Protein chains: 2
Amino acid sequence: MLHYQQPLDLTFQALADPTRRVMVERLSRGPASVSELAKPLDMSLSAVVQHLAVLEQSGLVRSEKVGRVRTCRIAPKALSGAEKWIAERRASWERRLDRLGQFLAENPDEPSGSKR
Amino acid sequence: MLHYQQPLDLTFQALADPTRRVMVERLSRGPASVSELAKPLDMSLSAVVQHLAVLEQSGLVRSEKVGRVRTCRIAPKALSGAEKWIAERRASWERRLDRLGQFLAENPDEPSGSKR
DNA sequence: TTGATAGTGAAGCATTCACTTAAGTATCAT
DNA sequence: ATGATACTTAAGTGAATGCTTCACTATCAA
């Protein structure tokens with residue numbers, strides 16, 4: 001396919017990794033430094049920084065450096081984008097199921113898998 | 001890390017690909033055969049079948065074969081799981097921002113970035 | 001100034017991903 | 001029986017991912 005990477009690609013890709021979800025969970029409770037983010041994670045600081053880069057590129061996280069400490073915080077917008085996409089799909093199939101249910105209620109005879 | 005793959009891993013990973021999102025969008029409007037799913041996609045049928053396998057493993061899609069045609073439909077549960085995770089994160093930072101806003105409203109003096 | 005802290009950057013490596021092509025197997029229509 | 005349809009399976013390939021280690025640069029504290 002080789003499209004330009006859409007926001008949703010990056011968002012869902014970022015959320016697909018359990019380490020990154022742990023980081024997002026931590027940040028949704030409040031800002032944290034890179035080291036704080038790394039503390040519960042069983043991997044090198046380098047690896048954490050790389051995950052952080054993925055989160056920043058996806059727009060899920062912003063960060064700024066003051067002195068020698070980089071403070072990270074979530075940027076709610078990207079998360080909302082993903083949530084919205086899912087909600088739209090749900091709306092779509094819920095509408096369809098409603099129509100189907102209504103049809104079946106109005107046409108109670110000859111069910112498709114009719115016995116005997 | 002090498003964890004056992006959690007449901008959310010598979011769900012977000014599945015949604016990270018634009019081709020698979022197109023397939024999910026199609027299926028949220030109603031069931032479709034593999035060929036129907038493949039029609040708008042610019043790739044081999046094999047590739048589509050592989051994407052379908054990813055969607056099925058993630059639990060986002062179910063399918064059954066009757067005769068020579070495999071009919072696919074979305075399975076709402078996995079999508080709800082992803083939606084729920086996001087909603088929980090949002091709840092978390094919204095609560096925090098509420099507390100912060102309340103604190104600032106109650107302590108209008110000495111703002112942290114105070115001038116002069 | 002010396003040392004610890006907090007992070008950065010680059011290279012390397014095994015694995016996974018998103019495809020492709022090619023060769024199959026059922027099923028249905030004639 | 002023959003051919004077309006609707007997949008299915010396997011093998012291969014190049015690029016992306018998720019790490020590692022090692023070397024490095026700032027910043028702060030004593």
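A, B, ... follow the sequence lines: proteins, then strands. Residue 1 opens every chain. Because only heavy atoms are used, hydrogens play no part in the values below, and waters and symmetry mates are left out as well, while side chains stay in. A quick note: this is a predicted structure, and the numbers were derived from the prediction, not measured.
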Quiz item: What distance do Leu37(B) atom CG and Thr71(B) atom OG1 have between them, rounded to the nearest 0.5 Å?
Solution: 10.0 Å
Self-check item: Same cluster (ILVMFWY, side-chain, under 4.5 Å), Leu45(A) and Val54(A)
Solution: no
Quiz item: When rounded to the nearest 0.5 angstrom, what distance separates CG in Leu15(A) from CZ in Arg21(A)?
Solution: 7.5 Å
Quiz prompt | Smallest separation among heavy atoms of Met23(A) and Leu41(A), with atom names | solution = CG-CD1, 3.9 Å
Quiz prompt | Atom pair distance, as rounded to whole Å: CG in Asp9(B) and P in dT16(C) | solution = 13 Å
Exercise. Can you measure from CD (Glu56(B)) to NE2 (His51(B)) and round to the nearest 0.5 angstrom?
Key: 14.0 Å
Quiz item: Shortest non-hydrogen contact from Arg70(A) to Ser63(A)?
Solution: NH1-OG, 2.9 Å
Self-check item: Residue-level proximity of residues 21-28 of chain B to DNA chain C when a heavy atom falls under 4.0 Å
Solution: none
Quiz item: What string of B, S and - do you get for nucleotides 3-9 of chain D, 5' to 3', when a contact is any protein heavy atom under 4.0 Å?
Solution: -BBSBBB
Self-check item: Residue mapping more 5' on DNA chain D - nearest nucleotide basis, Gly67(A) or Val54(A)
Solution: Val54(A)
Quiz prompt | Ring-face cation contact, Trp85(B) with Arg89(B), 6.0 Å cut, 45° max | solution = yes
Quiz item: Rounded to the nearest Å, what distance is computed from the CD atom of residue Glu64(B) to the P atom of nucleotide dA26(C)?
Solution: 20 Å
Quiz item: Under 4.0 Å between a side-chain N or O of His51(B) and OP1 or OP2 of dC17(C)?
Solution: no
Practice problem: Measure from CG on Asp17(B) to C1' on dC17(C) and round the result to the nearest Å. | Solution: 9 Å
Self-check item: Spacing of Asp42(A) atom CG relative to dG18(D) atom P, expressed in whole Å
Solution: 17 Å
Self-check item: Spacing of CZ belonging to Arg90(A) relative to OG belonging to Ser80(B), to within rounding of 0.5 Å
Solution: 6.5 Å
Quiz prompt | Whole-Å distance separating the CG atom of Leu15(B) from the C1' atom of dC17(C) | solution = 16 Å
